[in-house]
Amino acid sequence: MIRKDKPSIGAWTTFFWRFLQQPRQVGAIASCSEALAASMARALRHPIGQERTDLGGSSLRHVVELGPGTGRITAYLHGEPLTLVEIDPAFCQLLTKRYKKADVLNMSAVDFLLKQRTPIDVVTSIPLLNNPHARDIKAAIGQAYRAGTIRKLVTYSYGPLSPLACCGFANEARVDRVLRNLPPANVWVYT
Ligand SMILES: C[S@@+](CC[C@H](N)C(=O)[O-])C[C@H]1O[C@@H](n2cnc3c(N)ncnc32)[C@H](O)[C@@H]1O
């Protein structure tokens with residue numbers, strides 16, 4: 001079932017204002033569309049390759065969203081144990097008000113991934129194209145995967161190439177192309 005998520009005027013304004021101040025960190029002029037948010041949440045349940053069974057075996061999934069921004073995708077991740085890792089304090093304020101049951105951490109995804117010890121499924125919107133920290137973010141993702149912390153990762157890209165090809169995942173697939181987003185986006189799953 002598709003949940004409807006209408007972003008508030010406050011969320012739109014915060015997003016645009018933060019984009020003007022930190023364009024390479026925010027990475028987009030507007031938050032993602034409802035269609036992309038729903039597709040990302042579906043992708044989290046999309047089976048690709050061999051699911052890793054060596055990572056604790058629990059069917060309970062600890063979902064971690066990296067770079068949730070205004071929480072557009074978060075709205076579709078409800079009902080699961082949820083941690084939101086966001087570097088921008090203005091977005092963290094919005095997220096804390098909106099998602100009272102989620103654990104909102106105001107920190108860099110790099111620091112989070114390097115400290116995390118138990119298995120997680122990751123949804124990430126962190127822009128990598130012009131991000132000055134892209135290399136560190138990819139290295140931390142690769143390290144967490146090899147350490148057995150990342151069980152599955154879902155992300156999106158605007159270009160046709162796999163954005164995390166260099167991180168050492170055993171399986172990768174482009175599972176959707178969402179035209180109803182500005183610009184249209186590809187949804188990727190890594191295991
Ligand atoms: C494209 S925006 C997220 C859009 C979000 N899906 C939405 O619709 O509101 C990217 C987000 O990643 C966050 N971000 C960028 N670098 C980060 C990092 N190193 N750690 C955590 N968050 C980061 C930005 O602050 C921004 O909120």
Side-chain angles (χ1 to χ4, degrees), residues 5-41 43-44 63-77 82-100 102-116 120-144 150 153-167 178 180-188 190:
D5 177 54
K6 295 273 173 270
S8 67
I9 298 285
W12 278 110
T13 320
T14 305
F15 198 96
F16 188 59
W17 168 60
R18 297 308 296 153
F19 170 73
L20 292 180
Q21 296 195 320
Q22 299 274 4
R24 295 202 293 175
Q25 188 172 282
V26 175
I29 199 161
S31 50
C32 65
S33 68
E34 193 173 305
L36 179 55
S39 175
M40 292 280 281
L44 201 56
V63 175
V64 175
E65 188 178 0
L66 305 176
T70 57
R72 204 78 213 277
I73 297 169
T74 320
Y76 292 82
L77 302 177
L82 191 59
T83 300
L84 310 177
V85 181
E86 172 55 60
I87 203 166
D88 189 318
F91 289 134
C92 285
Q93 263 192 5
L94 282 180
L95 295 165
T96 307
K97 274 192 206 143
R98 195 168 170 201
Y99 298 107
K100 297 205 181 337
D103 220 359
V104 179
L105 306 178
N106 182 200
M107 66 192 296
S108 158
V110 173
D111 295 337
F112 174 84
L113 289 173
L114 297 181
K115 284 187 194 138
Q116 177 65 20
I120 51 175
D121 288 357
V122 172
V123 176
T124 172
S125 304
I126 295 178
L128 296 172
L129 208 53
N130 292 314
N131 190 329
H133 305 293
R135 189 195 289 235
D136 291 344
I137 293 164
K138 288 180 189 175
I141 288 173
Q143 192 170 323
I150 294 182
L153 183 146
V154 174
T155 191
Y156 61 87
S157 68
Y158 300 128
L161 301 180
S162 164
L164 297 175
C166 57
C167 292
V178 181
R180 281 181 294 139
N181 191 68
L182 208 68
N186 296 303
V187 177
W188 298 86
Y190 299 84

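If you're wondering where the values come from, they're calculated on a predicted model, not measured in any experiment.
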Asker: Say you draw a straight line from CG of Leu153 to CG of Leu164; how long is it, rounded to the nearest 0.5 Å?
Answerer: 6.0 Å

Asker: Side chains of Lys138 and Leu128, heavy atoms from C-beta outward: is any pair under 4.5 Å?
Answerer: yes

Asker: Can any side-chain N or O of Asn181 pair as donor or acceptor with the backbone N or O of Ser33 at less than 3.5 Å?
Answerer: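 Yes, because the side chain of Asn181 sits within donor-acceptor range (under 3.5 Å) of the backbone of Ser33.
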
Asker: Given the rule in the side chain to side chain contact (heavy atoms under 4.5 Å, CB included) test, do Phe91 and Val26 qualify, once you have shown the distances and angles that lead to the verdict?
Answerer: CA-CA 10 Å; Phe91 289 134; Val26 175; 4.2 Å; yes

Asker: Mind checking the CG-CG spacing from Asp136 to Asn131? Nearest 0.5 Å is all I need.
Answerer: 9.0 Å

Asker: Could you pull out the closest heavy-atom pair between Glu65 and Thr74, with the gap in Å?
Answerer: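 That closest heavy-atom pairing would be OE1-OG1, 2.6 Å.
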
Asker: Hydrogens and angles aside, do Trp188 and Ser162 bring a side-chain donor and acceptor to less than 3.5 Å of each other?
Answerer: no

Asker: If you look only at pairs with a residue in residues 83-95, which of them pass as a side-chain hydrogen bond (donor to acceptor under 3.5 Å, both in side chains), with sequence neighbours excluded?
Answerer: Arg18-Asp88, His62-Thr83

Asker: What's the verdict on side chain to side chain contact (heavy atoms under 4.5 Å, CB included) for Val123 and Tyr76, showing C-alpha distance, side-chain angles and the deciding distance?
Answerer: CA-CA 11 Å; Val123 176; Tyr76 292 82; over 6 Å; no

Asker: Can you name the closest pair of heavy atoms from Ile9 and Thr13 and give their distance?
Answerer: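 Between these two residues, the closest heavy atoms are O-OG1, 2.6 Å.
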
Asker: Which heavy atom of Ser157 sits nearest to which heavy atom of Pro163, and what is that distance?
Answerer: CB-CG, 4.0 Å

Asker: After noting the C-alpha distance and the side-chain angles of Phe16 and Ile29, does the key distance pass the side chain to side chain contact (heavy atoms under 4.5 Å, CB included) rule?
Answerer: CA-CA 6 Å; Phe16 188 59; Ile29 199 161; 3.8 Å; yes

Asker: Rounded to the nearest 0.5 Å, how far apart are CD1 of Ile120 and CD1 of Ile150?
Answerer: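 Nearest 0.5 Å value for the CD1-CD1 distance: 5.5 Å.
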
Asker: Are any non-hydrogen side-chain atoms of Tyr190 and Thr155 less than 4.5 angstrom apart?
Answerer: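 A side-chain contact under 4.5 Å exists here.
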
Asker: Side chains of Val178 and Tyr156, heavy atoms from C-beta outward: is any pair under 4.5 Å?
Answerer: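 When only atoms from C-beta onward are counted, Tyr156 and Val178 do not touch, as no gap falls below 4.5 Å.
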
Asker: So, the side chain of Asn186 versus the backbone of Gly159: is there a donor-acceptor pair under 3.5 Å, distance only?
Answerer: yes

Asker: To the nearest 0.5 Å, what is the distance between CZ (Arg24) and NE2 (His133)?
Answerer: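 If I round to the nearest 0.5 Å, the distance is 8.5 Å.
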
Asker: Testing the basics here: between Leu94 and Ala11, what is the closest heavy-atom pair and its distance to 0.1 Å?
Answerer: CD1-CA, 4.1 Å

Asker: Nearest 0.5 Å please: distance from the CZ atom of Phe112 over to the CG atom of Leu84.
Answerer: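 Between atom CZ of Phe112 and atom CG of Leu84 there are 10.0 Å.
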
Asker: Taking all non-hydrogen atoms of both residues, which atom of Cys92 and which atom of Leu105 are closest, and how far apart?
Answerer: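 Result for this residue pair: SG-O, 4.2 Å.
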
Asker: So do the side chains of Ile137 and Leu66 get within less than 4.5 Å of each other, counting heavy atoms only?
Answerer: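 No. Closest side-chain heavy atoms not under 4.5 Å.
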
Asker: Could you report the tightest heavy-atom contact between Pro68 and Val85, atom names first, then the distance?
Answerer: CD-O, 3.3 Å

Asker: Quick one: pull up CD1 in Ile126 and OG in Ser108 and give me the separation to the nearest 0.5 Å.
Answerer: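 Reported value, rounded in 0.5 Å steps: 7.0 Å.
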
Asker: Before giving the answer on side chain to side chain contact (heavy atoms under 4.5 Å, CB included), spell out for Trp12 and Thr70 the whole-Å C-alpha distance, their side-chain angles and the decisive distance to 0.1 Å.
Answerer: CA-CA 8 Å; Trp12 278 110; Thr70 57; over 6 Å; no

